[in-house]
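Values reported hereafter were calculated over all heavy atoms of this structure, with side chains retained and with hydrogens, waters and symmetry mates removed.
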Amino acid sequence: MEQAEIKVYGMTCEHCVRRVTKALEQFPTMDKVEVSLSDESAKFSYDPAQVSMSDIKEAITEAGYATEVEETVAEPLTDHAPGAFVLPESVTGEEKKQLKVSGMTCANCALTIEKGIGKMAGVKVANVNFASEKLNIEFDPDVVKEEDIIAKIKDLGYGAQSEEGDERDSEDRTVIKQRSWLIFSALMAIPFITMMWLPMSRTVMYVGFVLATIVQFSAGWIFYRGAYHALKNRSANMDVLVAMGITAAYGYSVMTTFPEIFFHGPTFYDTSVLLIAFVRFGKYLEAHAKGRAGQALKRLLELQADKARLLVDGEEKEVAASGVKAGDVVLVKPGEKIPVDGEILKGQASIDESMITGESIPVEKGPGDPVVGATINRSGSIKIKTTKTGKETVLSGIIKMVEEAQGVKPPIQRLADTISNYFVPTVVAIAVITFLIWFLALKSSFVFALTAGIAVLVIACPCALGLATPTAIMVGSGVGLNR
């Protein structure tokens with residue numbers, strides 16, 4: 001037996017580690033397999049007489065990962081010294097992006113996107129944060145384009161847009177949309193609460209059928225769509241559980257509503273409608289929690305100045321702060337916010353920099369001193385030469401760092417994601433076993449056994465497991481930002 005260590009590229013999470021480990025352990029002589037995500041390596045013992053290193057590398061490649069980095073021969077440049085070489089951009093080119101992802105319903109959706117994007121050629125790192133709905137990605141722009149990544153996400157059944165989009169307005173719209181669906185579901189559920197106390201009749205059954213059908217394929221349609229995309233991507237998420245639960249309750253009720261075609265029995269329209277209303281309530285609370293966690297960033301953005309006094313040929317002109325370019329000269333009067341990052345050309349002023357430093361006492365500044373956008377000029381008129389605008393400013397840098405911090409997955413969150421990945425199939429299996437035990441072993445009625453199976457499905461949704469950790473991190477970073 002020989003010990004060996006090879007590099008493995010393309011792993012992004014513990015799921016990838018398990019895939020590589022399984023690919024290696026399939027060989028009969030393989031022993032002591034240790035795959036490291038942080039080191040991007042695999043250590044193992046094997047018998048070279050029975051398995052070759054090329055077979056081992058081929059197995060890792062078939063699993064979706066690489067064991068070697070393609071090397072590009074550097075070409076000499078004519079305008080450099082003889083013998084000087086430089087690496088082409090294709091070797092060193094790497095781009096980091098943050099995309100806004102929509103349509104996720106639980107942690108399994110985030111894992112589905114991670115696995116789908118992580119398998120794309122040129123993608124080095126793909127991390128999806130379910131709470132902030134962000135995809136942090138590192139990729140080679142010469143191999144894969146941002147448009148290709150967005151198209152892949154949409155093919156997986158989710159929405160995506162560049163961070164340049166107005167995502168904060170989108171978050172507000174999401175909360176309003178979830179609240180509207182919650183109100184609709186609650187209003188449609190009220191008649192069923194009333195019908196529970198009425199004697200069962202054909203009229204009551206038909207009214208229940210009509211109302212439940214409307215709710216099932218309007219407010220409940222999102223669960224069917226999510227379950228379809230999850231199963232299409234060979235995974236199971238919360239939508240699969242909810243869809244199975246409401247379909248079982250609704251489908252059985254439809255059959256008992258038309259006994260001349262199917263069979264006699266009680267109806268469970270109220271179970272289906274109330275379940276949809278309750279899950280919609282959970283989705284509204286989830287969207288509301290995400291919105292509140294992002295309020296700190298919104299308040300920070302509100303610190304920015306809207307207008308700037310631009311000096312053009314000695315004349316003062318009021319323009320939008322976003323329209324100021326590097327090299328422009330702006331005038332800031334006492335009591336106004338400084339609209340840009342820059343350097344004082346003329347004048348003396350007391351600058352309140354508490355927004356950056358936390359120090360409430362103003363700082364005296366004069367020609368040559370740097371100033372930061374969104375700080376306040378307490379006294380004195382100053383002329384400032386703009387040095388940084390847009391996303392290059394200090395304030396934008398703070399916002400960017402906070403957003404990136406919210407998108408990073410700590411080990412505890414990866415553990416929760418891993419558990420969620422196996423949780424849904426396990427729950428479905430337990431629900432089936434529950435039904436079979438009650439119906440076959442304990443000889444209970446079909447209705448009672450079905451109710452027990454549905455109860456397992458709808459109670460065991462892993463939404464709290466998948467949401468708690470990322471939301472706690474998001475809220476924590478928001479509190480830190482407020483501080």
Side-chain angles (χ1 to χ4, degrees), residues 102-106 109 157-159 172-232 236-288 428 431 446-447 450-461 463:
S102 59
M104 295 188 294
T105 58
C106 68
C109 299
Y158 306 92
D172 293 337
R173 287 194 297 270
T174 300
V175 175
I176 294 172
K177 180 180 178 181
Q178 293 298 345
R179 184 176 61 197
S180 300
W181 277 117
L182 170 60
I183 295 173
F184 171 78
S185 303
L187 291 175
M188 294 295 285
I190 292 175
F192 288 93
I193 298 175
T194 304
M195 285 189 288
M196 287 180 184
W197 303 96
L198 299 176
M200 186 57 62
S201 64
R202 303 296 293 176
T203 302
V204 172
M205 293 175 69
Y206 289 148
V207 170
F209 168 69
V210 173
L211 294 179
T213 301
I214 294 173
V215 177
Q216 192 83 7
F217 299 106
S218 58
W221 184 249
I222 186 176
F223 306 117
Y224 288 110
R225 187 173 64 233
Y228 165 73
H229 287 297
L231 296 175
K232 186 182 75 170
N237 60 8
M238 187 187 77
D239 287 335
V240 175
L241 292 183
V242 177
M244 290 181 67
I246 62 178
T247 300
Y250 174 78
Y252 180 84
S253 300
V254 169
M255 288 186 284
T256 57
T257 301
F258 303 97
E260 60 275 5
I261 302 177
F262 301 102
F263 50 83
H264 289 274
T267 60
F268 294 101
Y269 289 126
D270 55 327
T271 301
S272 173
V273 172
L274 289 173
L275 175 59
I276 291 173
F278 283 132
V279 178
R280 278 291 183 180
F281 181 57
K283 284 186 171 294
Y284 167 70
L285 292 179
E286 176 186 317
H288 187 61
V428 173
F446 176 82
V447 174
L450 179 65
T451 305
I454 294 174
V456 174
L457 286 176
V458 301
I459 290 173
C461 291
C463 45

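- Between Ile193 atom CD1 and Leu274 atom CG the span is 5.5 Å, to the nearest 0.5 Å.
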task: Decide yes or no on side chain to side chain contact (heavy atoms under 4.5 Å, CB included) for Gln216 and Ile246, but give the supporting numbers first.
output: CA-CA 8 Å; Gln216 192 83 7; Ile246 62 178; 3.5 Å; yes

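- The shortest non-hydrogen separation linking Arg280 to Leu182 is C-CD1, 4.2 Å.
- What you find for Thr267 and Met200 is that their closest heavy atoms are OG1-CE, 3.8 Å.
- The local environment of OH in Tyr206 is crowded, with over 12 non-hydrogen atoms from other residues, nucleotides or ligands closer than 6.0 Å.
- Contact detail for Ser102 and Tyr158: the closest heavy-atom pair is O-CB, 3.4 Å.
- Counting all heavy atoms, side chain and backbone alike, Leu211 lies closest to Pro191 at CD1-CB, 3.8 Å.
- Residue Leu187 holds its CG atom at 8.5 Å from CZ of Phe184, rounded to the nearest 0.5 Å.
- Of all the heavy atoms in Ser185 and Ala277, the pair that sits closest is CB-CA, 3.8 Å.
- For the atom pair OG1 (Thr194) and CG (Asp270), the distance works out to 11.5 Å, reported to the nearest 0.5 Å.
- Expressed to the nearest 0.5 Å, how far CG of Leu275 lies from OG1 of Thr271 amounts to 8.5 Å.
- Residue-environment remark: CZ (Phe281) stays at or below the threshold of 12 foreign heavy atoms within 6.0 Å.
- For the atom pair Phe262 CZ and Met255 CE, the distance stands at 6.5 Å (nearest 0.5 Å).
- For the side-chain contact (heavy atoms from CB on, under 4.5 Å) test with Phe223, the passing option among Val240, Thr247, Val242 is Val242; the others fail.
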message: Please evaluate residues Thr257 and Tyr269 with respect to the criterion side chain to side chain donor-acceptor pair (under 3.5 Å), reporting the C-alpha separation (whole Å), side-chain torsions for both, the decisive distance (0.1 Å), and the verdict.
response: CA-CA 10 Å; Thr257 301; Tyr269 289 126; 2.7 Å; yes

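- Taking every heavy atom of both residues into account, Gly157 and His229 meet most closely at CA-ND1, 3.4 Å.
- Counting only heavy atoms from C-beta outward, the side chains of Trp181 and Tyr284 never approach each other to under 4.5 Å.
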- prompt: Are Phe268 and Tyr250 close enough, and set up right, to give a ring pair (Phe, Tyr, Trp, His ring centres under 6.0 Å), and what steps lead you there?
  reply: CA-CA 7 Å; Phe268 294 101; Tyr250 174 78; over 10 Å; no

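- Within a 6.0 Å radius of OH in Tyr224, more than 12 heavy atoms belonging to other residues, nucleotides or ligands are found.
- Note that the CZ atom of Phe192 and the OG atom of Ser272 stand 8.0 Å from one another [nearest 0.5 Å].
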